[in-house]
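Contents: one structure, followed by commentary.
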There are 2 protein chains.
Amino acid sequence: MRQRETDKGGQMAREITIVDVADEAGVSYATVSRVINNKAHVSPEKRERVLRAMAQLGYVVNMQARSLAGGESRVVGLLVDYLSSSYMDEIIRGIDEALDAENYDLMLYTTHRRKTKESAYVTKLTRGLADGLLLILPRNAAAYLDTLRQRQFPHVIVDYLNNKQNVPSVSATNFRGAYDAMSFLLSLGHQRIGFITGTMELGSARDRLDGYHAALKDHGIPADPHLISEGNFMQPQGYQCAQELLSLSERPTAIFASNDMMAFGVMEAARERGLRLPEDLSIVGFDDIPQASYVHPALTTIRQPLEEMGRSAAHLLLKYIAHPNAEIERIELPTHLIIRESCQALSFTS
Amino acid sequence: MRQRETDKGGQMAREITIVDVADEAGVSYATVSRVINNKAHVSPEKRERVLRAMAQLGYVVNMQARSLAGGESRVVGLLVDYLSSSYMDEIIRGIDEALDAENYDLMLYTTHRRKTKESAYVTKLTRGLADGLLLILPRNAAAYLDTLRQRQFPHVIVDYLNNKQNVPSVSATNFRGAYDAMSFLLSLGHQRIGFITGTMELGSARDRLDGYHAALKDHGIPADPHLISEGNFMQPQGYQCAQELLSLSERPTAIFASNDMMAFGVMEAARERGLRLPEDLSIVGFDDIPQASYVHPALTTIRQPLEEMGRSAAHLLLKYIAHPNAEIERIELPTHLIIRESCQALSFTS
DNA sequence: CTGAAAGCGCTAACAT
DNA sequence: ATGTTAGCGCTTTCAG
């Protein structure tokens with residue numbers, strides 16, 4: 001089927017190859033390849049002719065062929081569980097930006113449906129046209145991390161710091177962020193502070209919980225297990241957990257949710273109970289997604305430098321692509337407390 | 001560089017190819033190819049042997065090679081401007097599901113940064129390993145639609161119905177949905193109904209505006225240009241437009257936002273002005289993203305069958321991949337009015 | 001039913 | 001500096 005006919009006999013337009021460009025420019029096609037890849041050893045004059053021919057013919061490289069032939073593809077894969085809200089958006093924006101600057105393309109793969117074959121999926125991916133792989137918040141990464149390492153395939157994980165594994169990663173200072181949030185609440189006089197965790201299989205969720213505990217301990221406040229409710233980073237769950245927390249006989253005066261989405265759920269629950277915000281309940285989130293400043297009252301939260309994390313991960317990956325044996329780095333970017341309107345000092349009367 | 005050495009001399013594990021499988025199974029590699037592609041003319045016994053060898057060696061096809069050699073890649077590309085909120089999520093979920101069922105892989109490309117080179121980008125894509133392309137809400141698609149058509153490359157647009165172009169697409173009944181929303185508001189006694197448009201370059205945004213006008217006209221209510229504010233489908237803009245609308249000397253008693261995110265912005269603006277919802281202002285959105293039911297008051301909105309749209313688009317695309325010359329279809333899926341708590345009949349006193 | 005062999009478009013030695 | 005050539009892994013004729 002040399003001619004690539006479609007099933008009904010329609011003809012696919014023949015692809016313009018470097019051979020065509022070479023003919024047009026009157027040079028060998030190796031020279032065209034050199035020009036395309038910006039290699040040295042091409043006379044300015046011929047380079048010019050090739051460039052012109054390329055433009056004229058509308059030549060576009062065939063990445064499959066390039067990749068097959070052993071060249072770099074200048075694309076990196078991005079593996080995510082599923083696309084969720086602004087959180088991913090911002091990280092991806094950062095990645096995108098950094099990659100674009102270095103002339104790399106991004107391919108995004110969603111895996112959420114293939115829990116079982118993730119490993120095979122990654123294998124397939126790494127044999128594919130990507131030069132490297134970025135993983136955001138992988139759930140059961142353990143399975144394919146081995147594959148990646150074995151194949152010496154450049155990869156960086158974003159927002160996942162499993163302390164047991166030595167994997168290149170970029171994340172935020174989750175422990176510190178949570179600690180800061182708690183310190184703030186504590187400084188406001190709150191003592192009974194409810195905490196809604198994230199998905200506990202994630203390192204970031206665990207670190208935040210640890211930060212919560214540490215702050216409490218440092219302030220000499222005994223931890224009350226009833227004050228901790230297990231969430232999953234999603235708004236409905238935040239709502240549920242808040243209901244639970246707010247039903248406690250000794251109601252918390254503040255709730256610290258492990259991310260903004262759940263904090264929004266807390267707001268709903270509080271409002272539904274007729275609680276005034278922030279008078280009757282102080283709320284702190286985590287992430288600082290754009291919406292945090294839109295809601296009412298504007299959410300006090302711990303900002304994660306999401307975009308920066310993405311950018312940073314991309315740079316790190318590019319480094320590994322260039323130097324596969326570079327030392328494994330685990331970058332932690334600083335979080336910041338963003339004070340808005342959802343918290344208030346504990347008044348004596350309440 | 002036959003051996004594919006890394007820059008520091010580390011060796012990349014050699015890929016397992018069909019030749020390895022052939023050796024292991026003791027057959028020619030053409031036979032392995034036949035087995036992989038489920039072609040006829042292979043004895044059950046050899047097929048069995050090949051399958052076993054594949055499993056044993058952990059063979060995974062190299063898509064680049066396959067694609068280069070002219071076979072199908074069983075992957076479809078998905079082109080989006082940027083990843084925004086739950087809206088994309090849901091559509092993608094539907095696409096994902098349909099594709100998975102047919103054993104296709106999805107590759108997602110974000111283009112938002114390359115406004116200018118989109119056309120070249122698409123060309124590149126279509127020369128790549130995708131068998132077909134799905135486009136969600138493309139902004140300036142006109143540029144590459146031609147390329148797609150010229151190359152006879154299977155493609156389907158989701159949520160974009162530019163009436164001037166004959167392009168395969170799937171969308172919702174935007175006009176009808178807007179008309180229904182307005183009818184509902186009108187039936188509640190509202191007369192002065194503010195409207196916040198979407199990004200006007202999109203067909204769906206225009207259709208919703210048309211629906212707004214048509215409903216007004218059918219009810220004999222003269223259109224007031226002051227009541228229409230141009231938004232962009234984003235929450236902050238919804239907030240802005242609402243401020244504008246609510247500052248009108250003759251304030252609207254209801255606002256219909258072209259999507260849910262903007263409706264949330266309206267809620268903020270209203271709350272900030274001390275307006276009670278829905279007593280002082282009725283609000284209707286469009287889309288019915290998950291959050292619509294979380295907010296307070298729960299948002300009355302027009303549901304778009306997002307997931308279904310994605311699924312439908314995927315099926316249509318698969319059809320074009322199988323039959324490139326199949327007739328161009330433009331599917332419109334029905335919208336539905338979802339009544340929640342953000343609207344109230346206009347009382348005589350207000 | 002099966003194997004041999006010719007490319008797909010490109011990169012990277014290897015010559016010149 | 002430039003051309004020649006050998007594959008990359010796979011699909012698909014084309015012969016048996």
Side-chain angles (χ1 to χ4, degrees), chain A residues 1-5 7 12-23 25-50 54 57 59-75 123-124 126-129 131, chain B residues 1-5 7 12-23 25-50 54 57 59-75 123-124 126-129 131:
Chain A
M1 51 135 263
R2 283 290 69 89
Q3 274 307 94
R4 291 206 177 189
E5 315 221 1
D7 80 337
M12 212 82 162
R14 250 248 309 126
E15 293 199 347
I16 288 161
T17 73
I18 57 175
V19 176
D20 299 317
V21 176
D23 286 352
V27 300
S28 78
Y29 78 115
T31 299
V32 176
S33 177
R34 290 193 185 96
V35 172
I36 290 171
N37 294 289
N38 246 300
K39 302 267 182 187
H41 309 303
V42 180
S43 69
E45 184 245 346
K46 288 207 171 178
R47 182 184 299 274
E48 184 50 43
R49 262 175 28 217
V50 170
M54 278 171 49
L57 266 35
Y59 169 81
V60 179
V61 68
N62 178 317
M63 296 207 288
Q64 278 58 59
R66 168 182 290 181
S67 171
L68 228 208
E72 54 177 5
S73 62
R74 289 202 92 78
V75 352
T123 308
K124 191 165 169 184
T126 59
R127 306 197 56 177
L129 81 150
D131 288 342
Chain B
M1 57 136 262
R2 283 289 68 89
Q3 273 306 95
R4 291 203 178 191
E5 314 221 359
D7 79 337
M12 210 86 163
R14 253 247 310 123
E15 295 199 347
I16 289 162
T17 73
I18 56 176
V19 176
D20 300 318
V21 176
D23 286 353
V27 299
S28 78
Y29 76 79
T31 299
V32 176
S33 175
R34 291 192 185 95
V35 172
I36 291 171
N37 294 288
N38 246 300
K39 301 266 182 186
H41 309 304
V42 180
S43 68
E45 185 245 346
K46 289 206 171 183
R47 181 181 300 273
E48 182 52 41
R49 254 165 46 207
V50 170
M54 278 172 48
L57 268 34
Y59 170 80
V60 179
V61 70
N62 178 318
M63 296 207 289
Q64 277 58 57
R66 170 183 294 187
S67 171
L68 227 208
E72 56 175 5
S73 63
R74 289 202 92 79
V75 353
T123 308
K124 189 167 169 184
T126 58
R127 305 195 56 178
L129 83 149
D131 289 342

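Only heavy atoms go into these numbers, but all of them, side chains included; no hydrogens, no water, no symmetry mates. Note that the structure is predicted; figures quoted are calculated from it, not measured.
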| said: Just the rounded figure in Å: distance from P of dC8(D) to CG of Asn62(A). | reply: 18 Å
| Below 4.0 angstrom from OP1 or OP2 of dG3(C), is there any side-chain N or O of Ser28(B)? | yes
| message | Given dG3(D), dG9(C), dC10(D), identify the nucleotide with an atom nearest to the side chain of Ala30(A). | response | dG3(D)
| field | Whole-Å distance separating the OH atom of Tyr29(A) from the P atom of dC8(C) | value | 10 Å
| query | Distance from Ile18(B) atom CD1 to Asn62(B) atom CG, nearest 0.5 Å? | reply | 10.0 Å
| Separation of dC10(C) C1' from Leu68(B) CG (nearest whole Å) | 8 Å
| task | Classify the nucleic acid contact of Thr31(A) as base, sugar-phosphate or nothing, counting any heavy atom under 4.0 Å across all strands shown. | result | sugar-phosphate
| message | Rounded to whole Å, how long is the line connecting atom CD1 of Ile18(B) with atom P of dT11(D)? | response | 6 Å
| Heavy-atom contacts under 4.0 Å between residues 34-49 of chain B and DNA chain D, which residues? | Arg34(B), Asn37(B), Lys39(B)
| field | Ser67(B) side, atom OG; Gln64(A) side, atom CD - distance, nearest 0.5 Å | value | 4.0 Å
| task | Return the 5'-most residue of the pair Ser33(B), Val27(A) with respect to DNA chain D, ranking by each residue's nearest nucleotide. | result | Val27(A)
| task | Might you point out which heavy atoms bring Val75(B) and Met63(B) nearest each other, and give the distance in Å? | result | CG1-SD, 3.9 Å
| task | Take the protein atom CD of Gln64(A) and the nucleotide atom C1' of dC8(D), then report the distance between them rounded to whole Å. | result | 13 Å
| For Arg66(A) and dG9(D), what is the distance between atoms CZ and C1' respectively, to the nearest whole Å? | 18 Å
| field | Heavy-atom closest pair, residues Lys39(A) and Arg47(A) | value | O-NH2, 3.0 Å
| query | Given Tyr59(B), which of Ile36(B), Asp20(B), Val32(B), Val50(B) fulfils the side-chain contact (heavy atoms from CB on, under 4.5 Å) condition? | reply | Ile36(B)
| task | For Ile16(A) and Leu57(A), work out which heavy atoms get closest and say how close. | result | CD1-O, 2.8 Å
